[in-house]
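Quick note on labels: first sequence line is chain A, next is B, and so on, each numbered from 1.
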Amino acid sequence: MEKRSKLELSGFRGKVLASVQLVPRGRVTTYGELARFLGCPKAARVIGQALKRNPRLERIPCHRVVRADGSLGGYVAGLERKKNLLIKEGVKIRGNKIVNFKKFLFQFGC
DNA sequence: TCATTGGCTATCA
DNA sequence: CTGATAGCCAATG
């Protein structure tokens, strides 16, 4: 085992954070897709934990991560904040869900 | 070991 | 279509 910097996080969290950073602006991903990409499709909940436990909120675009059905899910800084950011990126939102969500969905390995 | 969690799927109104 | 509800499952602390 190599020694890791303090900024490096343990397995799952680190993977999640790294993967989220791969999501370009104007696109969104889901916890489930992330989990599947990491190899644990059922670990979607842990993805959320990792995102909320991120080392730096500004560094991780957690606002680009939403639920599988397009609902915003949750956000440390408040759902309104997340909504606002997504709209700013060009995502249309109705209520607490994304319109044409699949259209903005970013898939890993594709 | 237990409790917690920013979820997922399925089902119903 | 939207929303509300019920089980499930896996990592973190």
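- Pairing of C/dC9, defined by two Watson-Crick or G-U wobble distances under 3.5 Å, is not identified with any nucleotide.
- Membership of the apolar cluster around A/L105 extends to A/V28, A/L57, A/V66, A/L72, A/Y75, A/L79, A/L85, A/L86, A/I87, A/V91, A/I93, A/I98, A/F101, A/F104, as traced through chained side-chain contacts below 4.5 Å between ILVMFWY residues.
- At a threshold of 4.5 Å between non-hydrogen side-chain atoms, the residues A/S19 and A/L38 count as touching.
- Rounded to whole angstrom, the span from the CD atom of A/E33 across to the P atom of B/dC8 amounts to 10 Å.
- If you measure from atom CG of A/L34 to atom P of C/dA11, you get 15 Å, rounded to the nearest angstrom.
- Looking at the side chain of A/F12, the nearest of the listed nucleotides B/dC8, C/dA11, C/dT2 is C/dA11.
- Residue A/N96 contributes atom CG, which lies 12 Å from atom C1' of C/dT2 at whole-angstrom precision.
- Residue-level contact check: A/V76 touches the bases, meaning some heavy atom is under 4.0 Å from a base atom.
- Comparing B/dC8, C/dC1, C/dA10 by their nearest atom to the side chain of A/R94 picks out C/dC1.
- Put simply, CG on A/L51 is 14 Å from C1' on C/dT12, counting in whole angstrom units.
- Computed from coordinates, the A/Y31 OH to B/dT9 P distance equals 14 Å when rounded to whole Å.
- Following rounding to the nearest Å, A/R67 (CZ) and B/dG7 (P) show an atom-to-atom distance of 5 Å.
- Side-chain N or O atoms of A/R64 include one that pairs as donor or acceptor with a backbone N or O of A/V23 at under 3.5 Å.
- One can place CZ of A/R36 at 16 Å from C1' of C/dA10, the figure rounded to the nearest angstrom.
- Residue A/R13 places at least one side-chain N or O under 4.0 Å from the OP1 or OP2 atom of C/dG13.
- What separates CG of A/L72 from C1' of B/dG7 is a distance of 14 Å, to the nearest Å.
- Note on A/R45: every side-chain N or O is 4.0 Å or more away from OP1 and OP2 of C/dC9.
- Ranking C/dA11, C/dT12, C/dC9 by closeness to the A/K42 side chain, first place goes to C/dC9.
- Screening A/H63, A/E58, A/R59 for a side-chain contact (heavy atoms from CB on, under 4.5 Å) with A/P61, the sole residue that qualifies is A/H63.
- Under the side-chain contact (heavy atoms from CB on, under 4.5 Å) test applied with A/T29, the options A/L22, A/I47, A/L34 reduce to a single match, A/L34.
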